[in-house]
Amino acid sequence: MRDQTRGPATNPVAATTVCVIGAGYVGLTAAACLAELGHEVRCVESDPLRLAALTRGEIPIYEPGIEELVARHTGSGRLTFTADTAVAMDGVAVAMLCVGTPPRSDGEPDLRQLGRAATEVAACATTNVALVVKSTVPPGTCEALELFVGGQAREGVRVRVVSNPEFLREGRAVWDFFNPDRVVVGADDPNLGQLVADLYPSDWPLIECSRRSAELVKYASNTFLAVKISFANEVAALCEALGAETDKVLGGVGLDARIGQAFLAPGPGFGGSCLPKDLSGFIAVAESAGRPAEVARAAQRANDAAQVSVIAKVESALGSLPGRTVTVLGLAFKAGTDDTRFSPALALVRGLALRGARVRVHDPIATVSDPAVCQLDTPYDAAQGSDALIVATGWPEYHDLDPTKLRAVMVGHVIVDAVGVTAIEPLHDVGFDVYGVGRGLATSFAPVLWRPLEWMLDAGQPSTIAARER
Ligand SMILES: NC(=O)c1ccc[n+]([C@@H]2O[C@H](COP(=O)([O-])OP(=O)(O)OC[C@H]3O[C@@H](n4cnc5c(N)ncnc54)[C@H](O)[C@@H]3O)[C@@H](O)[C@H]2O)c1
């Protein structure tokens with residue numbers, strides 16, 4: 001297999017100079033990968049700690065493959081880091097905004113970082129510039145941003161805004177950059193769109209569209225993924241209630257080529273810096289356009305319920321939570337990243353602590369700074385003296401936990417595998433009660449389903465048997 005940190009064996013690009021604003025998961029990946037494609041990249045980062053780490057050659061985020069790429073291209077001179085937008089923008093015609101667009105407390109998008117970064121770029125531009133918005137933003141933002149920065153550029157300099165949303169997944173960001181399902185470029189001028197499309201190899205799948213459409217591709221994609229996860233959790237809950245086999249049911253559903261297996265795994269709900277925020281952004285945009293997003297809202301409610309139901313399982317298995325010790329394995333919102341933003345694992349940790357449990361945690365990479373939570377170096381240290389253990393993130397090391405070792409260190413015998421990665425039988429064999437989402441021990445008995453019989457015998461409708469007898 002090709003080294004994923006090497007550029008793809010695809011069509012070469014015409015090298016240009018790009019200023020990337022923001023060196024987070026998206027910006028650092030874009031900067032390093034654009035340099036690998038052959039461009040000269042000047043990356044601006046305003047956080048002094050992040051910038052200091054980068055200039056020392058350290059990578060402030062966990063993302064496989066980034067370290068090699070950054071080392072290669074700071075070495076080759078194609079990638080530089082600075083806090084000074086004016087230095088970075090000197091003579092540059094393409095600036096890519098990769099700053100955060102977090103949710104406000106009311107769920108609507110907070111676009112202040114974007115406004116500030118765009119203002120800085122406009123003020124520093126020495127030539128006409130394409131302001132490329134890679135950050136995820138609500139439809140209409142690029143048009144608004146162009147108006148917002150219009151008067152801020154120096155005399156004779158024109159700033160035009162292009163949408164080029166990012167679809168990478170944390171933990172696979174480099175791979176995703178070089179193997180995109182699609183590159184989406186939204187521009188109101190085909191020449192400007194082409195300028196941005198030309199940053200990427202010409203044989204990558206390209207969608208050229210309006211700016212609003214490009215922005216909505218990103219919002220709608222993440223909303224659909226959120227809906228899929230919430231639907232999987234709803235099916236899992238129904239399987240639990242009916243005594244049906246969740247893995248077979250969702251496996252059978254996902255094998256339908258029209259549906260697909262991805263994102264059909266039940267769990268403690270979706271999290272991370274993207275899905276929850278983009279889902280609430282989608283809802284806010286839809287409502288402001290007078291089109292209430294009922295499906296998206298339902299997915300959001302179901303996600304809240306998914307997190308609560310994991311805690312409810314631990315509580316019902318233990319009888320009560322106050323004073324009990326519970327171990328949570330995993331803090332990151334998914335395996336393969338150190339990102340804990342809106343992590344369901346962290347929500348479980350906080351929820352348990354709020355309900356009076358003593359919480360001990362482990363994560364191979366992510367950390368939590370909460371004096372009420374004790375973080376240990378191994379899963380077994382974390383499990384020491386615990387009444388119950390929750391597997392909250394699907395890290396590979398939790399797939400094959402040693403049941404005997406766990407049994408020896410834990411006081412209690414309750415395991416709730418919220419992400420469905422453990423083998424239940426070996427844990428069961430050493431005396432654990434294992435619960436899960438749609439798997440493991442049932443928390444209620446599957447009822448006899450009388451309703452189908454009633455439906456067959458509905459007084460208004462002759463039953464098939466009666467009809468045959470007539
Ligand atoms: N993280 C993902 O998986 C992912 C995937 C696709 C899209 N996105 C979107 O991309 C955007 C960025 O996400 P992220 O996870 O990389 O965020 P992040 O918070 O990790 O990174 C943003 C960076 O921008 C820097 N910054 C902010 N204002 C700046 C300025 N004026 N000048 C220079 N630097 C500045 C911040 O210090 C930070 O380092 C968001 O809109 C997000 O929704 C994220």
Side-chain angles (χ1 to χ4, degrees), residues 19-33 41-55 59-64 66 80-89 95-104 109-124 131-138 141-142 145 149 152 163-177 180-184 214-215 217-219 221-223 225-226 270-282 332-334 336-343:
C19 179
V20 171
I21 313 290
Y25 292 88
V26 168
L28 191 55
T29 304
C33 295
V41 183
R42 303 176 192 170
C43 187
V44 182
E45 172 53 58
S46 60
D47 177 339
L49 290 178
R50 257 188 189 184
L51 180 64
L54 288 164
T55 44
I59 303 300
I61 54 169
Y62 174 80
E63 194 54 63
I66 282 279
T80 51
F81 296 101
T82 177
D84 193 336
T85 311
V87 169
M89 281 304 297
M96 199 171 258
L97 299 185
C98 304
V99 298
T101 50
R104 299 190 323 205
D110 177 349
L111 300 179
R112 285 175 300 173
Q113 283 185 46
L114 192 82
R116 273 197 295 271
T119 303
E120 285 157 16
V121 167
C124 295
L131 197 52
V132 183
V133 177
K134 246 202 184 315
S135 300
T136 305
V137 294
T141 300
C142 286
L145 197 62
V149 297
Q152 312 198 29
S163 171
N164 175 213
E166 180 53 63
F167 297 92
L168 61 77
R169 293 163 293 178
E170 285 176 22
R172 301 195 48 150
V174 171
W175 169 264
D176 285 345
F177 186 95
D181 290 332
R182 71 294 208 198
V183 171
V184 178
E215 292 163 327
V217 171
K218 176 65 190 180
Y219 254 30
S221 299
N222 273 0
T223 298
L225 294 175
F270 53 80
S273 66
C274 293
L275 291 199
K277 133 178 119 55
D278 297 345
L279 180 64
S280 48
F282 181 92
F333 83 93
K334 64 173 185 178
T337 180
D338 60 343
D339 198 347
T340 57
R341 289 177 285 184
F342 298 94
S343 167

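One-based numbering, in listed order, for ligands and for the atoms of each. The structure presented is a predicted model; accordingly, all values stated were derived computationally and were not measured. Just so you know, residue 1 is the first one in the sequence shown, and it goes up from there. Both backbone and side-chain heavy atoms feed into the values below; hydrogens, waters and symmetry mates do not.
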**OP:** If you have a sec, work out which protein heavy atom is nearest atom 5 (C) of ligand 1 and how many Å separate them, to one decimal?
**Re:** L168 O, 3.4 Å

Subject >> Shortest protein contact, atom 36 (C) of ligand 1 (heavy atom only) >> reply: E45 OE2, 3.4 Å

Subject >> Any N or O of G27 closer than 3.5 Å to N or O of ligand 1 >> reply: no

Subject >> Closest protein heavy atom (residue, atom, distance) for atom 21 (O) of ligand 1 >> reply: G24 CA, 3.2 Å

Original post:
What's the shortest distance from atom 9 (C) of ligand 1 to any protein heavy atom, and which residue and atom give it?
Top reply: T136 OG1, 3.4 Å

Subject >> Numbered atoms of ligand 1 (with element) below 4.0 Å of C274, judged on heavy atoms >> reply: 2 (C), 3 (O), 4 (C), 5 (C), 8 (N), 44 (C)

Original post:
Applying a 4.0 Å heavy-atom criterion (strictly less than), which segment of A83 is in contact with ligand 1: side chain, backbone, both, or neither?
Top reply: neither

Subject >> Closest to atom 18 (P) of ligand 1 among R341, R112, K134 (heavy-atom distance) >> reply: R341

**OP:** Check whether any heavy atom of E170 sits under 4.0 Å from an atom of ligand 1.
**Re:** yes

**OP:** Return the option from A30, S46, P165 holding the heavy atom at the smallest distance from atom 29 (C) of ligand 1.
**Re:** S46

**OP:** Closest by any non-hydrogen atom to atom 31 (N) of ligand 1: pick that one out of E166, E120, Q113, R116.
**Re:** E120

Original post:
What are the atoms of ligand 1, with element, lying closer than 4.0 Å to any heavy atom of C98?
Top reply: 12 (C), 22 (C)

Subject >> N/O separation below 3.5 Å, R169 to ligand 1 >> reply: no

**OP:** Could you tell me whether the side chain of T340 reaches within less than 4.5 Å of the side chain of F333, counting heavy atoms only?
**Re:** no

Subject >> Backbone N/O of C142 and side chain of E215: donor-acceptor pair under 3.5 Å >> reply: yes

Original post:
Do any heavy atoms of K277 fall under 4.0 Å from ligand 1?
Top reply: yes

Original post:
Which heavy atom of G22 sits nearest a heavy atom of C98, and at what distance?
Top reply: O-CB, 4.1 Å

Original post:
Does an N or O anywhere in D278 fall below 3.5 Å from an N or O of ligand 1?
Top reply: no

Subject >> E63 with R169: basic N within carboxylate O range, under 4.0 Å >> reply: no

Subject >> Shortest protein contact, atom 28 (N) of ligand 1 (heavy atom only) >> reply: V99 CG1, 3.5 Å

Original post:
Among all protein non-hydrogen atoms, which one is nearest to atom 13 (O) of ligand 1, and what is the separation to 0.1 Å?
Top reply: V26 CG2, 4.0 Å

**OP:** Provide the number and element of each atom of ligand 1 under 4.0 Å from a heavy atom of R50.
**Re:** 20 (O), 21 (O), 38 (C), 39 (O)

Subject >> R112 atom CZ: more than 12 heavy-atom contacts under 6.0 Å >> reply: no

**OP:** Taking the six-membered ring of F167 (Phe, Tyr or Trp), confirm whether the NZ or CZ of R182 is under 6.0 Å from its centre and within 45° of its axis.
**Re:** yes

Original post:
Looking at atom 32 (N) of ligand 1, what's its closest protein heavy atom, distance included?
Top reply: I21 CG2, 3.4 Å

Subject >> Non-hydrogen atoms of P276 and G272 that approach each other most closely >> reply: CD-O, 3.4 Å

Subject >> Over all atoms of both residues, closest heavy-atom pair of L279 and T223 >> reply: CD1-CG2, 3.7 Å

Original post:
What is the closest protein heavy atom to atom 24 (O) of ligand 1, and at what distance does it sit?
Top reply: G22 CA, 3.3 Å

Subject >> Considering all heavy atoms, the nearest F177-C33 contact >> reply: CD2-CB, 3.1 Å

Subject >> Min N/O separation K218 to ligand 1 under 3.5 Å >> reply: no

Original post:
Do you know the tightest heavy-atom contact between K277 and T101?
Top reply: CD-O, 3.0 Å

Original post:
Is it the side chain, the backbone, both or neither of L28 that has a heavy atom closer than 4.0 Å to ligand 1?
Top reply: neither

Original post:
Which option, V133, T101, V44, owns the non-hydrogen atom nearest atom 41 (O) of ligand 1?
Top reply: T101

